[in-house]
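These notes are about the structure you will find just below.
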Amino acid sequence: MATPTGLRLPRYRQDPEGTHPPMDFAGYRSTKLRHPAQPLVLLPQMLTEVTGPLLGPGRLGEHDNDLTRQHSGEPQGQRIIVTGRLLDGDGRPIRDSLVEIWQANAGGRYRHTGDRWPSPLDPNFDGLGRALTDGDGRYEFTTIKPGAYPWKNHDNAWRPAHIHFSVFGAAFTQRLVTQMYFPDDPLFGQDPIFNSIPDEKARRRMISRFDLERTEEQWALAFQFDIVVRGREQSVFEDEEDED
């Protein structure tokens, strides 16, 4: 596709139907108030949007990727290591990309003025971290396994333990947000956010994998969570469901 200035923009393969949740999902009540009421208007990314601001090493602090060392004391809860790779749709690593996470503490409480349910805040845990991917697209965080928490979406509603992920390209306009869940969570079946993903295979890709090899003895459990974004359009490939 060409912009009004003649600049050629890359084309991308469309994601299979059912990969992403709909903007309006009846089970998740607040989507009715959040999604646009009018059709979206395409605003092509020009040079200004894709070249700044820079999201490089200068934005990282010493302990940004270790949420257990950001205060004078250690936070409460199960220490975990979360690792993974950021890949494009063709399996190639995405290097030097800023990855940010935010999460509740071990008791399921966010350090946020809007979170008032009676679970204690942890003075040694903010729940915020960031890291850059390396040459192989790898990232790593040390953090605390978050707890489940109640919310008012439906009767006796509790959200499964999860970590929010944000990944960037070269600028803020190139941002994707997802959530990482933990294996065998008993709350999956009643969580409308998790179940708003129509395709079951896509839904399962949000669940991390326990990584015994990366687990550190007497220190921290480990979980692996790879993030795959769309790649540039090239040859036509068969969908996964067409393979035997």
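When reading the values below, keep in mind they use all heavy atoms of this one structure, side chains included, and skip hydrogens, waters and symmetry mates.
Atom NE2 of His162 and atom CD of Gln179 lie 4.5 Å apart (nearest 0.5 Å). Put simply, OG on Ser166 and CG on Leu98 are 7.0 Å apart, with the number rounded to the nearest 0.5 Å. Put simply, CG on Leu128 and CG on Asp64 are 9.5 Å apart, with the number rounded to the nearest 0.5 Å. Taking OG1 of Thr143 as the start and CD of Gln70 as the end, the distance is 8.0 Å to the nearest 0.5 Å.
Within the 4.5 Å cutoff, side-chain heavy atoms of Ile101 are placed close to those of Leu67. Between Val229 and Ile94, some side-chain heavy-atom pair lies under the 4.5 Å cut-off.
Looking at residues two or more places apart in sequence or on another chain, you find a side chain to side chain contact (heavy atoms under 4.5 Å, CB included) between Asp185 and Pro160, Ala161, Leu187, Phe188. Applying the side chain to side chain contact (heavy atoms under 4.5 Å, CB included) test to Ser196 and every residue at least two apart in sequence or in another chain returns Pro21, Phe25. Applying the salt bridge (charged side-chain N to carboxylate O under 4.0 Å, His left out) criterion to Arg138, with sequence neighbours excluded, gives no partner residue. Under the rule for a ring pair (Phe, Tyr, Trp, His ring centres under 6.0 Å), the partners of Phe225 that lie at least two apart in sequence or sit in another chain are Phe165. Residues that satisfy the salt bridge (charged side-chain N to carboxylate O under 4.0 Å, His left out) test with Asp122, not counting sequence neighbours, are absent from this structure.
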Please list every donor-acceptor pair under 3.5 Å in which a side-chain atom of residues 74-81 meets a protein atom from a residue at least two apart or in another chain.
from  : atom 1 : to     : atom 2 : distance (Å)
Glu74 : OE1    : Arg79  : NH2    : 2.6
Arg79 : NH1    : Trp219 : O      : 2.8

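Taking the six-membered ring where tryptophan is involved, the planes of Tyr139 and Phe141 are tilted, since the angle between them lies from 30° to 60°. Aromatic ring orientation, Tyr110 versus Tyr149: perpendicular (interplanar angle above 60°, classes split at 30° and 60°).
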